[in-house]
Amino acid sequence: MSKRDYYDVLGVSQDASKDEIKKAYRKLARQYHPDVSEEENADEKFKEAKEAYETLSDEQKRQQYDRFGHAGAQQGQGGFGAEGFGDFSDIFDMFFGGGGRRDPNAPRQGQDLQYTMEIDFEEAIFGKETTIQIPKDEDCETCDGSGAKPGSNVSTCSHCGGSGQMNVEQNTPFGRVVNRRVCQHCSGTGQFVEEKCSTCGGDGKVRKHQKIDINIPGGIEDGQQIRVTSQGRAGVNGGPPGDLFVLVRVKRHEFFERDGDDILCEIPITFTQATLGDELEVPTVHGRVKLKVPAGTQTGTHFRLKGKGAPNVHGYGQGDQHILVKVMVPKNLSDRQKELLREFHELSGEDSLDEQHDNLFTRFKRAFKGD
Ligand SMILES: [Zn+2]
Ligand SMILES: [Zn+2]
């Protein structure tokens, strides 16, 4: 059961933009949607395209897919281990038998770490400098990382013969794979410790918290990651450390919504304001801004406040704020208000509607004649 490459499924290149991916998916969805398509296997093809789109349209999932293929994509967002950290080395080993081919004593890069951080809507717009604490395992100072009580006896591990590695056979979807794994009895040290160090309980490692300064750039979007080089787990056998990835989740705002660098906002206005026109003060993340609503503004009219959006995270300009006007139909009117509206209705009839709406109105009446 080989799975097709997601980029191949959508027919886009590896460096396709979000828009290209969206367009390619829409095209396929129209072609294969089970409700409309008469093509063979339309159902499967639709599902395949949907799965590819769900991964490639999500920045984080796409990065994981690019780095780890289908195995990484399936990890998804909720798949991380305790404390929001996760690594893929086990899956990687399982599918590619990486451990079997590797020289266990060769220097290896430490594992990457992932940290999830939640920030406010405004913090995502303006950026934020903050400090995070991440747990890190460091060599125990009492025993220098050996796990043995200072001065006690240490002998060769009888399970692995001192190599620190054992062969483990595993059944995988790709057949039987022999993996070389770290010996559980000596944790890869190749030594048997007769008396354990009391500080670390024989692990040779103690957990410490390390403070790391994180600079979140203004304009960051929900789901984007910040890479902090060399702050992942320590390397093995003198290899370089891994990297730390900070996944940024942006909290929803009560009134504003992000669309890339632009901010969307819906503003309710009264029937009277829409009809007679008004000057409003509308909220933006940069403070209140005056907005002139002309007389005769329809519900759904869209205004643009240039430069009132988010800065581009890569430094390419500044987004706008888009305002969608929603005309509120008055409710719970007093008798006097009703009376005035009835009078207004009699005065206006159908003549007051402008030409475009008159046409729509007459067409509408024609279509539903006799109902
Ligand atoms: Zn051993
Ligand atoms: Zn110790």
Side-chain angles (χ1 to χ4, degrees), residues 68 71 75 80-115 131-213 228-245:
F68 305 110
Q75 274 281 295
F80 300 114
E83 295 160 307
F85 293 99
D87 64 67
F88 303 99
S89 60
D90 272 2
I91 297 170
F92 210 64
D93 278 357
M94 198 171 106
F95 284 120
F96 302 103
R101 275 184 269 113
R102 253 192 236 141
D103 172 1
N105 296 317
R108 289 203 304 275
Q109 181 164 26
Q111 287 160 356
D112 291 342
L113 292 179
Q114 186 166 41
Y115 181 91
T131 305
I132 58 169
Q133 280 203 2
I134 58 163
K136 269 197 159 179
D137 290 335
E138 285 178 12
D139 280 353
C140 169
E141 280 169 21
T142 311
C143 62
D144 244 351
S146 72
K149 188 174 177 178
S152 68
N153 264 340
V154 175
S155 53
T156 303
C157 172
S158 58
H159 297 273
C160 60
S163 70
Q165 305 281 327
M166 284 178 111
N167 289 336
V168 183
E169 283 192 8
Q170 259 186 314
N171 288 314
T172 75
F174 306 106
R176 186 166 284 240
V177 172
V178 179
N179 274 336
R180 199 176 294 176
R181 284 287 168 90
V182 170
C183 170
Q184 294 169 7
H185 303 276
C186 61
S187 304
T189 60
Q191 292 175 332
F192 177 69
V193 172
E194 286 176 14
E195 270 185 278
K196 287 178 178 170
C197 162
S198 54
T199 308
C200 60
D203 292 340
K205 302 271 180 200
V206 283
R207 180 152 282 199
K208 290 197 172 153
H209 288 269
Q210 192 190 355
K211 285 186 180 171
I212 295 173
D213 293 330
V228 189
T229 353
S230 303
Q231 295 292 359
R233 294 224 169 102
V236 179
N237 300 325
D243 296 332
L244 167 69
F245 289 88

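Ligands are counted one by one from 1 in listed order, and the atoms in each one are counted from 1 as well.
- Atom CG of Asn153 sits about 4.5 Å away from atom CD of Glu194, to the nearest 0.5 Å.
- Distance CD/Glu138 to NE2/His209: 11.0 Å, rounded to 0.5 Å.
- Listing protein N, O or S atoms at distances below 2.8 Å from the Zn ion (ligand 1), with waters left out, gives Cys157 SG, Cys160 SG, Cys183 SG, Cys186 SG.
- Summarising the geometry, atom CD belonging to Gln109 is positioned 8.0 Å from atom OG belonging to Ser230; distances are rounded to the nearest 0.5 Å.
- The CD atom of Gln210 sits 9.5 Å away from the CD1 atom of Ile132 when rounded to the nearest 0.5 Å.
- For Gln184, the CD atom is loosely surrounded, since the number of other residues' heavy atoms within 6.0 Å does not exceed 12.
- Between the SG atom of Cys200 and the SG atom of Cys140, the angle centred on the Zn ion (ligand 2) amounts to 110° when rounded to 10°.
- Atom OG1 in Thr199 sits 10.5 Å away from atom NZ in Lys149 (nearest 0.5 Å).
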